[in-house]
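The block underneath contains the structure these notes are about, expressed in structure tokens.
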Amino acid sequence: MIDIRCQLYLIYAYRKVNRAMSADVVTRFAPSPTGYLHIGGARTALFNWLYARGRGGKFLLRIEDTDRARSTPEDTAAILQGMEWLGLDHDGEVISQFDRADRHAEVANEMLAAGKAFKCFATQDKIEAFREAARAEGKSTLYRSPWRDADASTHPDLPFVIRVRAPEGGVMVIKDEVQGDVKIGHDQLDDMILLRSDGTPVYMLAVVVDDHDMGVTHIIRGDDHLSNAARQMMVYEAMGWDVPVLAHIPLIHGPDGKKLSKRHGALGAQEYQLMGYPAAGMRNYLARLGWSHGDDEFFSDAQAKEWFDLTGIGKSPARFDTKKLEHLCGQHIASSKNAALQQELLDFLAAKGSDAMSKDRIALLSSGLDCLKERAKTFHELIEKAEFILSDRPIQPDEKALKSLDSVSRGILNALTPHLQNVSWTRGALEAVTAEFAEANGTKFSKMAGPLRAALAGRSATPSVFDMLLVLGREESLGRITDAASENG
RNA sequence: GGCCCGUUCGUCUAUCGGUUAGGACGCCAGGUUUUCAACCUGGAAAGACGAGUUCGAUUCUCGUACGGGCUGCCA
């Protein structure tokens, strides 16, 4: 007897603990496939991902494709690709909202049967005329259908939509973790359409049904949905469903403070990838945009997951700042492990459509990473600075480099060559032999650095001369120096 | 038009009634240096405006201005 009681209690306690650990947090990202994954959407996805991942919960992905005219498979693919690049992995299958149309209709009909919704036979022309008139008079354009209380016996045999019966009197309170309690009068709510005249569901119904069916516990989305939340609340109330925790986050604005739009340039996640920003830097920057954890600026994914919370989200819109993004990206590149960095670099090159590199070249690049990664803010810059590794002999010097290869300099390079032939190829030895050579020839290393840079890289701005010598090795280095020294200027 | 939300250095933000209003990016000056970066030190730089509450407001309330969102058989 006691045993059974104990067991029951243990089960009870276990469930309680489980709940306390919020093991059942479920968030979702629900973009509509009517364009690429823009930066605002990416941040919304990131917030949901961080919240779930930081709590051992689930992060779901749903494509809101109920608008057949505007939804395209290409856009869905672009969104998926963007998420993949950003490393925002979701749990379970990608859910298509369109595929669930029957279930949405089922709910609408349930509401109809319960008297929470009604059939409306008003034509679109009539409604438009009503709105036109209301606008002209400066009155509210909210539509309350004359059919909301009509008896079924008076229903004509005509096409109809199903509308929700908006409540009268009183106020709707949206409890929002970011915005606080937002009160909206019931008189601000219209008899919104649930099912179109062709029987297809409308977004406002579909989100609520899907979020409920998917067990979503926390809705984190753009605050452009804040007003919509009040309307969606009508469905929750009609169905007697629990309302998830709501968090409406401010939108991201462009550098000019205006709403982010195509005017502001490349905005798809893909574009940022192509510009060479590492995904980790992007995540860090985006997380920090509109959310803060004290003075922490540069942090890892693990820290972000641990720290991220709804209470740290600000209420005002943030502007996108490329400079700070770059700074953070530079930090992430510099602190990357070489192996991971190399892979990301190759992925970047592949995304750009560059030709695949040979194994030897990749190995060379990999050995150059230590001296390269601390000087690049983007992969683009890193590749740029790695040019000395990626070029083949004979090196074509650019204009500036050519200037440091005058006859005097070529003479110096010529004279230096034998000294490099037998020296042991280590930084210490190389530094010593060049210093000796400089002194013996009455010059300074700083005078020799330019010509050496030009010979080794064909450029005037490069990594350290010694770094390049070490990465390239004796044979290649001497080859390049000989090339440059013997060239006819 | 109606309803809702927002407003701290140029930008992202800290502050949860009492601070010389802190940090970061960027900018400027200096340092280091083998070029470019990186790095180090220092500096300039903010509470939209107006009332009210209070012994005391960046912080609470109201108004104004400005910005944003919603107001679709779009999502």
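To find a chain, count down the sequence lines: A is the first, B the second, and so on, and within it residues start at 1.
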So, does the side chain of [X] form a donor-acceptor pair with the base of [N] at under 3.5 Å?
{"X": "A/R453", "N": "B/U34", "result": "yes"}
{"X": "A/K323", "N": "B/C25", "result": "no"}
{"X": "A/N228", "N": "B/A75", "result": "yes"}

Can you check nucleotides 3-7 of chain B for protein contacts, nitrogen or oxygen pairs under 3.5 Å, and list what you find?
unit_1 : atom_1 : unit_2 : atom_2 : d
B/C3   : O4'    : A/Q188 : OE1    : 3.1
B/C5   : O3'    : A/Q179 : OE1    : 3.4
B/C5   : O2'    : A/Q179 : OE1    : 3.1

Mark yes or no: A/R43 above the aromatic ring of A/F47, with NZ or CZ under 6.0 Å from the six-membered ring centre and no more than 45 degrees from the axis.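 Here A/R43 passes the 6.0 Å and 45° test against A/F47.
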
Could you run down the sub-3.5 Å N/O contacts of the protein with nucleotides 38-45 of chain B?
unit_1 : atom_1 : unit_2 : atom_2 : d
B/A38  : OP1    : A/K377 : NZ     : 3.2

Under 4.0 Å between a side-chain N or O of [X] and OP1 or OP2 of [N]?
{"X": "A/T66", "N": "B/A75", "value": "yes"}
{"X": "A/S197", "N": "B/C73", "value": "no"}
{"X": "A/R131", "N": "B/G72", "value": "yes"}

Under the ring pair (Phe, Tyr, Trp, His ring centres under 6.0 Å) test, residues paired with A/F388 that sit two or more places apart: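 Partners of A/F388 by the ring pair (Phe, Tyr, Trp, His ring centres under 6.0 Å) criterion come out as none, since no residue qualifies.
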
Please work out whether the ring planes of A/Y277 and A/Y272 are parallel, tilted or perpendicular, with thresholds of 30° and 60°.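 Tilted.
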
Can you tell me the pairing partner of B/G1 across any strand shown, Watson-Crick or G-U wobble, with both distances under 3.5 angstrom?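 Per the H-bond distance test, B/U71.
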
